[in-house]
Student: 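Shown below is the structure under consideration.
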Amino acid sequence: METVVCDLCGADDAEEVFLLRDYLHNIEGIFRLVRCRQCGLMYLNPRPTIEEMPRYYPDDYHAYRVIDGTLSFITRLDYRYGIIKRCRAVIAYSGLKSGRILDVGCATGSFLDAMRRYGWECYGVEINSRAANYAREHLGLNVFAGTLIDAHYPDSFFDVVTLWNVLEHLHHPQATLYEISRIIRKNGLLVISLPNPDCVEAKIFGRYWAGLDAPRHLYIYSKHTLQKALALAGFTVKKIVSFSGRYQVLALSIGFWIDEKVSFEKLRRLLKRVVNSIPLRLLTLPYYIIVDRLNHSSVMTVFAQRRED
């Protein structure tokens, strides 16, 4: 474990928000989420070092799964629909029918594979070697296994850079934004999706909100702190929308609460089956139509443009 200062403003002046544990994989440890009193950024402090992090990403970590016939039809359909929404959003907000795109934290490469089908020249960066190897060997994608900074891409090389639920996992997110600013062309599009701590569900579930996901989520950005971080790196926010991560985050949050509060195992299993049922998911659609329009879903997606200056 290591103690750090605020990655956004450099201050060593923070107040405790929550004491958390790993509700997703139940790996032992207590983790302290704090909020910087100077700029408002929330982060884990102390936190696992880079060398310690792999133990918190087991082989069944959801981002590294392969979408194949072993999963249910509904799961595969939902995942593929989410990928299509991402592709269409990138094309719409970039104003380009094709171009050169980099996906930072590309995992097994599903998004890049889809963008390639739309005619884009695709590159990926993935720190997990197993996921990177799958993207290269099974999908034939150009994926660098390591960090973005270690990849050493040329200046102004990309038209679009995406980070789908990645920025909050990084040990040095501000340095990563500076590197993206270097490798993206002027007026290029940066797309970042990440948890929204100002959402309705975060306020309802508190420490059990799945968007916190300690200790994998090292930083929790609000709209305000993310806009400040992007401005420092030379980006102007064009749009913040909600269109992903809807029911999955809600179901996980309810599941975490059930695990903590319900003593009887059979009742826990029954409640979780209800939470993950299709009828209950359908019943929440009106709610998500409203919160998406208000940008109060658990996941926000930010579209930002590299400034010319």
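Throughout, residue positions are numbered sequentially from 1 according to the sequence presented.
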Student: If you take all heavy atoms of Met53 and Arg216, which pair is closest and at what distance?
Tutor: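 Shortest heavy-atom separation between Met53 and Arg216 comes out as CE-CA, 4.1 Å.
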
Student: On the ring face of Phe157, is Arg100 found with NZ or CZ under 6.0 Å from the centre and within 45° of the axis?
Tutor: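 So Arg100 does make the cation-pi contact.
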
Student: Can you check side chain to side chain donor-acceptor pair (under 3.5 Å) on Arg130 and Asn133, steps first, answer last?
Tutor: CA-CA 5 Å; Arg130 184 175 61 85; Asn133 286 337; over 6 Å; no

Student: Let me check something: do Leu19 and Ile220 share a hydrophobic cluster, defined by ILVMFWY side-chain heavy atoms less than 4.5 Å apart, either directly or through other members?
Tutor: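 No, separate clusters.
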
Student: About how many Å separate CG of Leu141 and SG of Cys122, when rounded to the nearest 0.5 Å?
Tutor: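 Output value for this atom pair is 7.0 Å.
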
Student: Can you give the donor-acceptor pairs under 3.5 Å from side chains of residues 270-280 to other protein atoms, not counting sequence neighbours?
Tutor:
unit_1: Lys272; atom_1: NZ; unit_2: Asp259; atom_2: OD1; d: 2.6
unit_1: Lys272; atom_1: NZ; unit_2: Asp259; atom_2: OD2; d: 2.9
unit_1: Asn276; atom_1: ND2; unit_2: Lys272; atom_2: O; d: 2.8
unit_1: Ser277; atom_1: OG; unit_2: Val274; atom_2: O; d: 2.6

Student: Considering all heavy atoms of both residues, which atom of Val241 and which atom of Tyr93 are nearest to each other, and what is their separation?
Tutor: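 Closest pair (atom of Val241, atom of Tyr93, distance): CG1-OH, 3.7 Å.
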
Student: Less than 4.5 Å apart, side chain to side chain, heavy atoms only: is that true for Tyr219 and Leu170?
Tutor: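 Contact flag for Tyr219/Leu170 side chains = no.
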
Student: Are Glu260 and Arg21 close enough for a salt bridge, meaning some N to O gap below 4.0 Å?
Tutor: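 Yes, charged N to carboxylate O under 4.0 Å.
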
Student: When you measure from the side chain of Asp150 to the backbone of Gly146, do you find a donor-acceptor pair of N or O atoms at a distance under 3.5 Å?
Tutor: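 Flag not set: sc Asp150 to bb Gly146 has no pair under 3.5 Å.
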
Student: Enter the distance from Trp257:CH2 to Leu252:CG here, rounded to the nearest 0.5 Å.
Tutor: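 Between Trp257 CH2 and Leu252 CG, I get 16.0 Å after rounding to 0.5 Å.
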
Student: Decide side chain to side chain donor-acceptor pair (under 3.5 Å) for Glu201 and Ser298; before the verdict, give the C-alpha distance in whole Å, the side-chain angles of both, and the deciding distance to 0.1 Å.
Tutor: CA-CA 7 Å; Glu201 289 160 27; Ser298 278; 2.7 Å; yes

Student: Could you tell me whether the side chain of Glu126 and the main chain of Ala107 form a donor-acceptor pair under 3.5 Å?
Tutor: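 Looks like yes, one N/O pair under 3.5 Å.
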
Student: Taking all non-hydrogen atoms of both residues into account, name the closest pair between Gly119 and Ser98 and its distance.
Tutor: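 Of all heavy-atom pairs spanning Gly119 and Ser98, the closest is O-CB, 3.5 Å.
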
Student: Shortest non-hydrogen contact from Tyr61 to His169?
Tutor: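 That would be OH-CE1, 3.2 Å.
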
Student: Arg88: what forms a side-chain contact (heavy atoms from CB on, under 4.5 Å) with it, not counting sequence neighbours?
Tutor: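 Partners of Arg88 by the side-chain contact (heavy atoms from CB on, under 4.5 Å) criterion, ordered by chain and then number, come out as Ile84, Tyr118.
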
Student: Taking the side chain as every heavy atom from C-beta outward, state whether Leu177 and Ile192 have any atom pair closer than 4.5 Å.
Tutor: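 Result yes, sub-4.5 Å side-chain heavy-atom pair found.
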
Student: Can you check whether Asn165's main-chain N or O pairs, donor with acceptor, with Ser193's side chain at less than 3.5 Å?
Tutor: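 The answer is yes, because a donor-acceptor pair under 3.5 Å joins these two groups.
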
Student: If you compare all heavy atoms of Ala210 against all heavy atoms of Ser253, which two are closest, and at what distance to 0.1 Å?
Tutor: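 Heavy atoms of Ala210 and Ser253 come nearest at N-OG, 2.9 Å.
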
Student: Give a yes or no on whether a salt bridge exists between Arg182 and Asp155, defined as a side-chain N under 4.0 angstrom from a carboxylate O.
Tutor: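 Yes, this pair counts.
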
Student: For the residue pair His171 and Glu2, establish whether any side-chain heavy-atom pair is separated by less than 4.5 Å.
Tutor: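 Yes - at least one pair of side-chain heavy atoms lies under 4.5 Å apart.
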
Student: Could you go through Ile204 and Val200, starting from their C-alpha distance and side-chain angles, then the distance that decides it, and tell me whether this counts as side chain to side chain contact (heavy atoms under 4.5 Å, CB included)?
Tutor: CA-CA 6 Å; Ile204 292 173; Val200 175; 3.7 Å; yes

Student: Quick one: pull up CG in Leu190 and OG1 in Thr162 and give me the separation to the nearest 0.5 Å.
Tutor: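 Going from the CG atom of Leu190 to the OG1 atom of Thr162 covers 8.5 Å.
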
Student: Is any side-chain heavy atom of Glu179 closer than 4.5 Å to one of Tyr153?
Tutor: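 When only atoms from C-beta onward are counted, Glu179 and Tyr153 do not touch, as no gap falls below 4.5 Å.
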
Student: Starting at CZ of Arg32, measure out to CG of Asn45 and round the result to the nearest 0.5 Å.
Tutor: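 If I round to the nearest 0.5 Å, the distance is 6.5 Å.
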
Student: Kindly determine whether Gln174 and Asp7 satisfy side chain to side chain donor-acceptor pair (under 3.5 Å), including the steps that lead there.
Tutor: CA-CA 7 Å; Gln174 196 62 41; Asp7 190 67; over 6 Å; no

Student: To the nearest 0.5 angstrom, please state how far the CZ atom of Phe205 sits from the SG atom of Cys199.
Tutor: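 Those atoms lie 9.5 Å apart.
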
Student: Would you check, one step at a time, whether the test side chain to side chain contact (heavy atoms under 4.5 Å, CB included) holds for Ile240 with Phe303?
Tutor: CA-CA 6 Å; Ile240 301 178; Phe303 297 87; over 6 Å; no

Student: Going through the distances and angles, do Met300 and Lys223 end up as a side chain to side chain contact (heavy atoms under 4.5 Å, CB included)?
Tutor: CA-CA 9 Å; Met300 58 181 171; Lys223 293 176 184 177; 3.5 Å; yes

Student: Using a 4.5 Å cut-off on heavy atoms from C-beta on, say whether the side chain of Tyr221 contacts that of Pro197.
Tutor: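 No, side chains not in contact.
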
Student: Do Val5 and Met1 land in one hydrophobic cluster if side-chain heavy atoms of ILVMFWY residues count as linked below 4.5 Å?
Tutor: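 Not linked; separate clusters.
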
Student: Kindly indicate whether the side chain of Cys6, heavy atoms from C-beta on, has any atom under 4.5 Å from the side chain of Gln38.
Tutor: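 No; the side chains remain at least 4.5 Å from each other.
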
Student: Is it true that, when you exclude Glu308 itself, more than 12 heavy atoms of the residues, nucleotides or ligands shown sit nearer than 6.0 Å to its CD?
Tutor: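 Check fails, neighbour count at 12 or below.
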
Student: With a 4.5 Å cut-off on side-chain heavy atoms, are Phe111 and Ile101 touching?
Tutor: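 Side-chain contact under 4.5 Å: yes.
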
Student: If only atom types and distance count, is the side chain of Trp209 paired as donor or acceptor with the main-chain N or O of Leu250 below 3.5 Å?
Tutor: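 Flag not set: sc Trp209 to bb Leu250 has no pair under 3.5 Å.
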
Student: Let me check something: do Tyr178 and Ile149 share a hydrophobic cluster, defined by ILVMFWY side-chain heavy atoms less than 4.5 Å apart, either directly or through other members?
Tutor: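 Tyr178 and Ile149: separate clusters.
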
Student: Where do Arg37 and Ala14 come nearest, in terms of heavy atoms and distance?
Tutor: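 The pair with the smallest heavy-atom distance is NH1-O, 3.1 Å.
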
Student: If hydrophobic clusters are built by linking Ile, Leu, Val, Met, Phe, Trp and Tyr wherever their side-chain heavy atoms come under 4.5 Å apart, do Ile127 and Leu163 end up in the same one?
Tutor: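 No, Ile127 does not connect to Leu163 through the hydrophobic network.
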
Student: Under 4.0 Å between a side-chain nitrogen and a carboxylate oxygen: does that hold for Asp159 and Arg185?
Tutor: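 Salt bridge: yes.
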
Student: Decide yes or no for Leu102 and Val125: does some side-chain heavy atom of the first lie under 4.5 Å from some side-chain heavy atom of the second?
Tutor: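 Yes, side chains in contact.
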
Student: Taking the ring centre of each residue, are Phe31 and Phe18 less than 6.0 Å apart?
Tutor: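 Phe31 vs Phe18: aromatic centres not under 6.0 Å.
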
Student: Quick one: does any side-chain atom of Glu15 pair with a main-chain N or O of Val34 as donor and acceptor, under 3.5 Å?
Tutor: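 Not at all, since once roles are kept as given, no pair shorter than 3.5 Å links the two residues.
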
Student: Just how far is it from atom CZ of Arg35 to atom OH of Tyr43, taken to the nearest 0.5 Å?
Tutor: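 That separation rounds to 11.5 Å.
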
Student: Going through the checks in order, is the side chain to side chain donor-acceptor pair (under 3.5 Å) test met by Asp198 and Ser222?
Tutor: CA-CA 7 Å; Asp198 299 320; Ser222 65; 4.7 Å; no

Student: Assigning hydrophobic clusters by single linkage (Ile, Leu, Val, Met, Phe, Trp, Tyr; side-chain heavy-atom cutoff under 4.5 Å), is Leu226 placed with Leu232?
Tutor: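 Yes: a chain of side-chain contacts under 4.5 Å links Leu226 to Leu232.
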
Student: Would you please test Lys228 and Leu8 for side chain to side chain contact (heavy atoms under 4.5 Å, CB included) and show each step?
Tutor: CA-CA 8 Å; Lys228 183 174 182 180; Leu8 181 54; 4.1 Å; yes

